[in-house]
Number of protein chains: 2
Amino acid sequence: MNIQGFLSHLPLFQGLPDEELKALSEIAVDRPVKAGEMIFSDGDRAAGLNIVSAGRVKIFKLSPNGKEQILHIMGPGEPFAEVPVFQGGNYPANAQAIETGRVLFIPRDELLKIIRKNPALALDMLAVLSKRLREFAATIENLSLRGVPERLSAYLLHLSDLAGGAGEFELDIKKGLIANLLGTTGESLSRVLGKMTQSGMIRVGGKKITILDREALADVAAAKQALD
Amino acid sequence: MNIQGFLSHLPLFQGLPDEELKALSEIAVDRPVKAGEMIFSDGDRAAGLNIVSAGRVKIFKLSPNGKEQILHIMGPGEPFAEVPVFQGGNYPANAQAIETGRVLFIPRDELLKIIRKNPALALDMLAVLSKRLREFAATIENLSLRGVPERLSAYLLHLSDLAGGAGEFELDIKKGLIANLLGTTGESLSRVLGKMTQSGMIRVGGKKITILDREALADVAAAKQALD
DNA sequence: CCGTTTTTTTGATCCGGATCAAAGAATTCC
DNA sequence: GGAATTCTTTGATCCGGATCAAAAAAACGG
């Protein structure tokens with residue numbers, strides 16, 4: 001498919017003149033990635049902006065002993081690794097495809113050139129980074145100040161919201177990944193889901209989650225009510 | 001003192017034409033804050049950018065039961081609360097003066113207007129936000145993947161670096177605050193400092209820290225060596 | 001400078017959640 | 001569609017670090 005067409009639909013590039021889009025699309029490279037393939041590693045020298053064009057990508061940190069903390073899971077249309085574009089230096093985390101897909105790459109210099117000429121694009125990028133900062137602040141708050149039950153119930157409520165407030169929805173990724181995203185382990189996640197089921201807040205059937213008592217779940221998320 | 005002069009020395013506003021600086025300084029408000037005074041609270045509607053002009057300010061999150069996680073400690077010349085400038089909405093955390101000082105405030109609309117006209121300023125802001133994202137990513141990594149001894153030794157080595165690599169330096173803030181910045185408690189911090197002293201890595205005299213075995217401390221920071 | 005308040009240290013205990021191990025489900029892939 | 005791999009659950013145990021309590025040390029204010 002056509003790169004320029006793809007770029008023109010991204011929120012990030014709204015309002016960018018066609019000629020700039022064309023310039024971008026001519027230097028952009030859209031490469032296929034296989035599920036499990038590393039896209040870059042923490043500390044690698046960074047040369048530009050990446051955008052998921054198909055599939056999904058996880059951005060994560062690893063501990064010396066192999067524990068993983070996922071920072072983001074990016075889907076089609078989402079840019080990642082913006083930081084080194086504006087700061088130079090190297091990638092601050094690892095990126096790996098969790099599904100077979102494609103990743104588009106735009107070299108740093110070209111992008112900066114176009115940003116310098118288009119203040120609107122600069123403001124869009126500022127908004128993107130601001131959004132990431134808010135998400136990171138929430139993650140820090142979760143890790144430091146909240147327990148696993150709080151984080152998980154908030155996550156489930158969030159998924160429900162994404163599904164239009166539906167009482168029934170599918171987990172978007174496998175449970176082990178959710179655990180690493182929430183800063184816990186698969187085992188703990190499984191146990192907490194079990195407790196939520198026992199206390200009648202949810203029903204779990206494989207990847208399908210049914211919220212039975214949204215009120216109670218919200219109370220757990222807000223630490224107003226303990227599980228168990 | 002003169003606001004325009006102050007602004008003109010900030011890295012953020014380097015290269016901004018005098019006329020723009022003048023415009024900014026005319027709408028900026030520099031107000032005194034007392035030690036312990038709240039500057040804004042999490043969730044407050046945000047109306048502009050803040051910059052510490054004297055003293056120090058802590059940016060932090062609170063848990064329902066009062067535990068505090070410090071996100072940043074900002075000193076003179078450092079901007080804070082940039083996020084809502086580009087995203088709108090409300091402040092994502094609390095800000096409180098930890099020393100008597102002054103805080104300068106620039107209304108959002110004016111700042112945006114000037115950024116739109118000055119791409120260089122936009123790129124500077126992008127670099128500032130990128131730096132914050134790197135710091136947050138490091139904080140998430142610390143909280144999720146590293147223990148208190150790792151975080152504390154890295155923090156001490158960092159302070160030593162700031163002091164030009166000196167083997168002896170002063171803690172810049174009181175120990176309870178360091179604990180909250182590292183995501184732990186005063187008690188735990190005290191115990192870890194005790195162990196580091198026992199094993200001969202450092203000497204502690206009130207706020208004065210002497211690094212006796214930098215090598216060992218670096219190994220603890222990298223989780224290559226356990227304490228105890 | 002002395003009494004008061006705030007910080008820091010030390011000790012004892014407790015708890016959430018990680019880890020280890022193994023069984024049970026669900027996917028994947030010829 | 002059946003064997004193999006990968007995920008998830010469940011059970012038992014362990015450990016880092018929080019919490020509670022109280023003493024000791026510093027910092028502060030009059």
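Chain letters run A, B, ... following the sequence lines, proteins first and then strands; every chain starts at 1.
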(message) For a 4.0 angstrom threshold against heavy atoms of chain B, report the outermost contacting nucleotides of DNA chain C in 5' to 3' order.
(response) C:dT7 to C:dA12

(message) Within this structure, what is the CD1-CD1 distance for the pair B:Ile211 and B:Ile202, rounded to the nearest 0.5 Å?
(response) 8.0 Å

(request) May I ask you to decide if A:Asp42's main-chain N or O and A:Asn94's side chain share a donor-acceptor pair within less than 3.5 Å? (result) yes

(request) Check each of A:Asp213, A:Leu217, A:Val220, A:Leu227 against A:Ser199 using the side chain to side chain contact (heavy atoms under 4.5 Å, CB included) test, and report the only one that passes. (result) A:Leu227

(request) Without swapping roles, check the side chain of A:Asn180 against the backbone of A:Leu177 for a donor-acceptor pair under 3.5 Å. (result) no

(request) List in numerical order all residues of residues 217-228 of chain A for which some heavy atom is under 4.0 Å away from an atom belonging to DNA chain D. (result) none

(request) For A:Thr210 and A:Glu168, indicate whether the former's side chain and the latter's backbone hold a donor-acceptor pair under 3.5 Å. (result) no

(message) Please report the end-to-end axis angle for the helix from C:dC1-D:dG30 to C:dC30-D:dG1, five pairs per end, rounded to 10 degrees.
(response) 60°

(message) Output one letter per nucleotide in nucleotides 22-30 of chain D: B when a protein non-hydrogen atom lies under 4.0 Å from the base, S when only the sugar-phosphate is that close, - when neither is.
(response) ---------

(message) Within the supplied structure, the quantity of interest is the number of heavy atoms (other residues, nucleotides, ligands) at a distance under 6.0 Å from B:Arg31 CZ; does it exceed 12?
(response) yes

(message) Using side-chain heavy atoms (C-beta onward) and a distance below 4.5 Å, is A:His72 in contact with A:Arg132?
(response) yes

(request) Could you tell me whether a side-chain N or O of B:Lys175 sits under 3.5 Å from a main-chain N or O of B:Gly206, the two making a donor and an acceptor? (result) yes

(request) Look at A:Glu68 together with A:Lys61 and state whether they make a salt bridge at an N to O cut-off of under 4.0 Å. (result) no

(message) So for atom NZ, which belongs to B:Lys207, do other residues, nucleotides or ligands contribute more than 12 heavy atoms lying within a distance under 6.0 Å?
(response) yes

(request) Could you tell me whether a side-chain N or O of B:Ser153 sits under 3.5 Å from a main-chain N or O of B:Ala221, the two making a donor and an acceptor? (result) yes

(request) Examine distances only and state if a side-chain atom of A:Arg108 and a backbone atom of A:Val85 form a donor-acceptor pair shorter than 3.5 Å. (result) yes

(request) Go through the side-chain N and O atoms of A:Ser130 and B:Gln87 and say whether any donor and acceptor fall under 3.5 Å apart. (result) no

(request) Could you tell me whether the side chains of B:Ser160 and B:Arg214 share a donor-acceptor contact shorter than 3.5 Å? (result) yes

(request) For B:Phe169 and B:His158, run ring pair (Phe, Tyr, Trp, His ring centres under 6.0 Å): C-alpha distance rounded to whole Å, both residues' side-chain angles, the deciding distance at 0.1 Å, then the answer. (result) CA-CA 11 Å; B:Phe169 55 88; B:His158 173 68; over 10 Å; no

(message) Closer than 4.0 angstrom, basic N to acidic O: yes or no for B:Glu99 and B:Arg56?
(response) yes

(request) Taking only heavy atoms on the protein side, list every residue of residues 169-192 of chain A lying under 4.0 Å from any atom of DNA chain D, sorted numerically. (result) A:Lys174, A:Lys175, A:Gly176, A:Glu187, A:Ser190, A:Arg191

(message) I need the residues from residues 56-75 of chain A with at least one non-hydrogen atom less than 4.0 Å from DNA chain D; give them sorted by number, or say none.
(response) none

(request) Indicate yes or no for a side-chain donor-acceptor contact from A:Ser53 to the backbone of A:Arg102 under 3.5 Å, with no hydrogens or angles considered. (result) yes

